[in-house]
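In what follows, every heavy atom counts, from backbone to side chain, and hydrogens, waters and symmetry copies are set aside. Quick caveat, the model's predicted, so the values are computed rather than measured.
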Amino acid sequence: MDLARSYVFVNHVTGLEPGAYVHVPEAGALVRVLAGPHGSFLQENYFLRNYNPEQAGAVIVTTLRATALLDAAGDRGYRLAGAVVGAAAQALYTACAALGIGCGAALGFDNVSFAERLRLTPAGESPLLITMVGNELRGPAGYRYELA
């Protein structure tokens with residue numbers, strides 16, 4: 001099993017049924033692990049107000065076998081975990097920019113709920129980052145510059 005893996009909650013993607021999928025790199029495919037819409041779950045388990053996961057085309061969940069990594073690398077495993085998740089986020093942002101679609105990574109989510117929803121506990125995977133992708137909304141970002 002890989003150190004890191006990507007799961008995708010598909011909300012609004014042409015040609016894909018709503019549901020949760022796991023990315024299988026060897027096959028270059030997404031394999032559905034849970035059918036049906038998950039927008040309410042995504043919205044309820046995201047704590048911040050800067051993104052609306054229910055409206056995103058998809059929400060990509062980056063997972064890591066953190067316990068196995070820390071067992072193998074000790075304290076330095078924390079740095080490696082950050083590097084792996086950061087590299088995944090950078091690759092995703094770069095791909096989205098090349099495709100001309102919006103992308104936003106977030107840490108403010110209930111990772112325990114995500115692990116339970118995706119049934120990750122037996123595999124030892126921990127969700128460490130979620131990334132919303134889809135059509136970029138045009139208009140003000142709600143940034144209040146006078147507060148900065």
Asks: Are F109 and F47 packed together at the side-chain level, in the sense that at least one heavy-atom pair is separated by less than 4.5 angstrom?
Replies: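 Sidechains of F47 and F109: no contact.
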Asks: Would you please test L30 and L16 for side chain to side chain contact (heavy atoms under 4.5 Å, CB included) and show each step?
Replies: CA-CA 10 Å; L30 293 175; L16 279 177; 4.0 Å; yes
Asks: Could you measure the distance from the CD1 atom of I60 to the OH atom of Y21? Nearest 0.5 Å is fine.
Replies: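 Rounded to the nearest 0.5 Å, the CD1-OH separation comes to 13.5 Å.
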Asks: Would you name the heavy atoms of S126 and A66 that are closest together and state the gap between them?
Replies: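 Closest heavy-atom pair between S126 and A66: OG-CB, 4.3 Å.
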Asks: Heavy-atom distance under 4.5 Å between the side chains of Y51 and Y46, does that happen here?
Replies: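 Contact flag for Y51/Y46 side chains = yes.
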Asks: If I take atom CG from residue D75 and atom CG from residue L80, how far apart are they, to the nearest 0.5 angstrom?
Replies: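 One finds 13.0 Å between CG of D75 and CG of L80.
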Asks: Got L120 and Y7 here, is their nearest side-chain heavy-atom distance under 4.5 Å?
Replies: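 Yes, close enough: below the 4.5 Å cut-off.
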Asks: Is there side-chain contact between V59 and V8, with at least one heavy-atom pair below 4.5 Å?
Replies: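 SC-SC contact between V59 and V8 ruled out.
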Asks: Under 6.0 Å from the CG atom of D71, do we count more than 12 heavy atoms belonging to anything else shown?
Replies: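 Check passes, neighbour count above 12.
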Asks: Quick check: are there more than 12 heavy atoms from other residues, nucleotides or ligands sitting under 6.0 Å from CD of E136?
Replies: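 Yes, CD of E136 has more than 12 neighbouring heavy atoms, counting only those of other groups under 6.0 Å.
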Asks: Given V33 and R119, is the side chain to side chain contact (heavy atoms under 4.5 Å, CB included) satisfied, shown in steps?
Replies: CA-CA 9 Å; V33 294; R119 301 181 185 113; over 6 Å; no
Asks: Are V24 and V61 joined in one hydrophobic group, where the rule is that I, L, V, M, F, W and Y side chains link up if heavy atoms are under 4.5 Å apart?
Replies: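 Per the 4.5 Å side-chain linkage, V24 and V61 are co-clustered.
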Asks: Within a 6.0 Å radius of atom CD on Q43, are there more than 12 heavy atoms belonging to other residues, nucleotides or ligands?
Replies: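 It does: Q43 CD has more than 12 such atoms within range.
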Asks: Taking atom CG of N111 and atom CG of L129, what is their separation to the nearest 0.5 Å?
Replies: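 Separation between the atoms: 11.0 Å.
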Asks: Under a 3.5 Å distance rule, please check whether H38 uses its side chain to pair with a backbone N or O of G36 as donor and acceptor.
Replies: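 Flag set: sc H38 to bb G36 pair under 3.5 Å.
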Asks: Looking at side-chain heavy atoms only, is the closest gap between L92 and T131 below 4.5 Å?
Replies: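 In short, these two side chains touch, coming nearer than 4.5 Å.
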Asks: Drop me the distance from T63's OG1 to L118's CG, to the nearest 0.5 angstrom.
Replies: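 Between T63 OG1 and L118 CG, I get 8.5 Å after rounding to 0.5 Å.
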Asks: Do the side chains of V31 and F114 join up, straight or via other hydrophobic residues, at under 4.5 Å, putting them in one cluster?
Replies: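 Yes; F114 is reachable from V31 via cluster members.
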Asks: With heavy-atom distances below 4.5 Å as the criterion, would you say the side chains of L69 and L64 are in contact?
Replies: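 SC-SC contact between L69 and L64 confirmed.
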Asks: Are S40 and E54 close enough that some pair of their side-chain heavy atoms sits under 4.5 Å apart?
Replies: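 Result yes, sub-4.5 Å side-chain heavy-atom pair found.
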Asks: In Å and rounded to the nearest 0.5 Å, what is the CZ to CG distance from R117 to L42?
Replies: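 Spacing of CZ (R117) from CG (L42) equals 7.5 Å.
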Asks: Please say which of D110, V112, I130 ends up in a side chain to side chain contact (heavy atoms under 4.5 Å, CB included) with N45.
Replies: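 Only match with N45 under side chain to side chain contact (heavy atoms under 4.5 Å, CB included): D110.
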Asks: With a 4.5 Å cut-off on side-chain heavy atoms, are V13 and N11 touching?
Replies: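 Side chain of N11 against side chain of V13, heavy atoms only: no contact under 4.5 Å found.
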Asks: After noting the C-alpha distance and the side-chain angles of D2 and E26, does the key distance pass the side chain to side chain contact (heavy atoms under 4.5 Å, CB included) rule?
Replies: CA-CA 11 Å; D2 292 331; E26 306 81 38; 4.1 Å; yes
Asks: Between F41 and F9, how do the two ring planes meet: parallel, tilted or perpendicular, split at 30° and 60°?
Replies: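 The arrangement is tilted - the two ring planes meet at 30° to 60°.
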Asks: Between E125 and R5, is there a salt bridge with N-O shorter than 4.0 Å?
Replies: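 Yes, charged N to carboxylate O under 4.0 Å.
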Asks: Determine the minimum heavy-atom distance between A88 and T62, stating which atoms define it.
Replies: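 A88 and T62 have their closest heavy atoms at CB-CG2, 4.1 Å.
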